[in-house]
Chemist: 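Sharing a structure below in structure tokens format, with a few things to ask.
In what follows, every chain begins at residue 1, and chains take the letters A, B, ... in the order their sequences are listed.
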Amino acid sequence: MKKINVSICTGTTCYLMGGAHLLTFDEVLDPVTAEHVEISGAHCLGLCGSEAHGKAPFVKVDDHIIADATLMKVLDKVRDLMPEED
Amino acid sequence: MHDNKANRLRKEILIRTARAFFTEEPNDTLNRIPLQMRPKGGEASRCCIYKDRAVLKYRCMAALGFGVESETDELKPVSDYYEEALAREKPVEPLLTVIDVACSACVTTRYRATDACRGCLARSCESVCPKDAIEFYKGQARLNPEKCVNCGLCMKACPYHAIIRIPIPCEEACPVGAITKDENTGREVIDHEKCIYCGKCLRECPFAAITDLSQMVDVLNATRTGKAVAMLAPSIAGQLPGTLPQLFTALKQLGFSDVVEVAEGADKTALHEGAEWAEKIAEGERFMTTSCCPAYIESVDKHLPEMAPFVSDTPTPMAYTAADVREKNPAAITVFIGPCLAKRREAARNPDVDYVLTFEELGAMLVGAAIDVLECEETPITATAHREGRGFAASGGVTEAVKVVAPGNAALQPIQVDGIDWKTMVQMRTWATKSCPGNFVEVMSCAGGCLAGPGTISAPRVAKKQLNDLQEKSPSLQG
Ligand code: FES
């Protein structure tokens, strides 16, 4: 099964702006969703340098970038990308 | 510290302020912060962008160490405050202040009937109300704020749970009743005679209307002298990304001439406190409390004089560390970096400590200087902090340390105050005046200990794990 990759930026800007709290993402996952998700920390994604990308903290869910990320925003994106149940 | 929009806003201000310091034109950059954060045509979080900008200006002032009450002329630009901050020789008197225009003046009537009211036949709310404050409008109950005395009986009586209690978050959070409403404006005011600087109101206010006066610019300025020494609190574990040796490098890049760990001072506190405890108990004292939490010390001074004789005389980890730095280098500008606001009070009384920063402020300085800890090389750490000293960061840690080092520790009966609130204040008074169920009392103002302090960046669970890892790798005082 290909997992959905949740990559939480832990560069200093993102970490300070809330990334440190996003590292508790595993806690908000129900067991079924957790099966489909792979969580990792990332070095600076290079997005914090320009306001054009939005605000830190940033999280990448597969190829999707979430700005001003919160646990709920990340969870919503993961649910979007979950394969339909069969 | 919680992660929410109010807190992120506070940190954004700190980052922008620190960043301005490193630009060619700090004055202009600072004056533009409110405009950049609320540009024309953008969204307003209050009534309009102009009010937002006014509030943001006060936030910038606080980041520079000025309270709303120090404003004499509304037209005075942020840059003038900045110049004054750079020129001052001593840090500002530590205070928590309310940005009055940001305070939303939460309603005083704490009970309200909601749409869930069925306008039932029983109307138990009406019958229990001692003040005749329940009125009916279009078949639904309403509370007349002129008459309501907030007794809450109607809420308990309603079978539909249609009456709710609306708390005032800052007042709920304050363990000592130091924050109350100004009758005329409806806005909150802090009574500094009562305030213990625990920071709970600041943490809980959903409008981020409470702020402390930052010493960040003073420290940034000091880093340019080449004499500033950073003293990192034990609760640093997990507060910034990367390893501790990487953080040491980052701090040096920021301009600190040296970095020391307060955990070393905590080792000394543990050893001394263990010995002191054994001595006092042998002399017939009923019990002894810890002394390292400055919000607790403020509470004793201002609200619990009965407890004073039971408080340990052992210097705090910060005091030991700062004395050590001073001894080796009398010209050092000492900067304590920790999770705590009340430490600013302790520092104001201790000539060995020049400045106090929170982890949030340190983070903002690093971001402002474009230093990413994760990209730093590791600086080897030569000094040895022990497992016990590091443990001071979490509740139970001081007890653990004293257990290890106290002579005759078999007789140690430890109890804990894990978080100061109304209830534990009452409990402590009873221990002091009547009897205490233990003979060693560890008191932490923040539930969970320092790693849950108001100046922290990380989630306590994440921090606790990193702290445990670091402790595992450190030697024990037991040898
Ligand atoms: S720190 Fe996250 S994008 Fe740079």
Chemist: Would you mind checking which part of B/Ile15 comes under 4.5 Å of any heavy atom in chain A, side chain (CB onward), backbone (N, CA, C, O), both or neither?
Modeler: side chain

Chemist: Testing the basics here: between A/Cys44 and A/Cys9, what is the closest heavy-atom pair and its distance to 0.1 Å?
Modeler: CA-SG, 3.7 Å

Chemist: Can you tell me which portion of B/Leu374 sits under 4.5 Å from chain A's heavy atoms? Options are side chain, backbone, both or neither.
Modeler: both

Chemist: Does the distance from a Lys or Arg side-chain N to an Asp or Glu carboxylate O, for A/Arg79 and A/Asp30, drop under 4.0 Å?
Modeler: yes

Chemist: Is it the backbone or the side chain of B/Val373 that comes under 4.5 Å from a heavy atom of chain A, or both, or neither?
Modeler: both

Chemist: Closest approach of A/Thr13 and A/Ala56, non-hydrogen atoms and distance?
Modeler: CG2-CB, 3.9 Å

Chemist: Would the distance check show the side chain of B/Gln246 and the main-chain N or O of B/Cys376 forming a donor-acceptor pair, the cut-off being under 3.5 Å?
Modeler: yes

Chemist: Determine the option with the most heavy-atom pairs under 4.5 angstrom with chain B, choosing from A/Cys14, A/Ala69, A/Cys48.
Modeler: A/Ala69

Chemist: Any side-chain to backbone donor/acceptor pair from B/Arg344 onto B/Val356? Under 3.5 Å, distance only.
Modeler: yes

Chemist: A/Leu23, A/Leu22, A/Asp68, A/Thr70: which one forms the most heavy-atom pairs within less than 4.5 Å of chain B?
Modeler: A/Asp68

Chemist: Looking at side-chain heavy atoms only, is the closest gap between B/Ile371 and A/Thr12 below 4.5 Å?
Modeler: no

Chemist: Would you mind checking which part of B/Arg8 comes under 4.5 Å of any heavy atom in chain A, side chain (CB onward), backbone (N, CA, C, O), both or neither?
Modeler: both

Chemist: Counting heavy-atom pairs closer than 4.5 Å to chain A, which one of B/Ser458, B/Ala364, B/Ala250 comes out on top?
Modeler: B/Ser458

Chemist: Could you look at B/Gln239 and say if it's the side chain, the backbone, both or neither that has a heavy atom under 4.5 Å from chain A?
Modeler: backbone

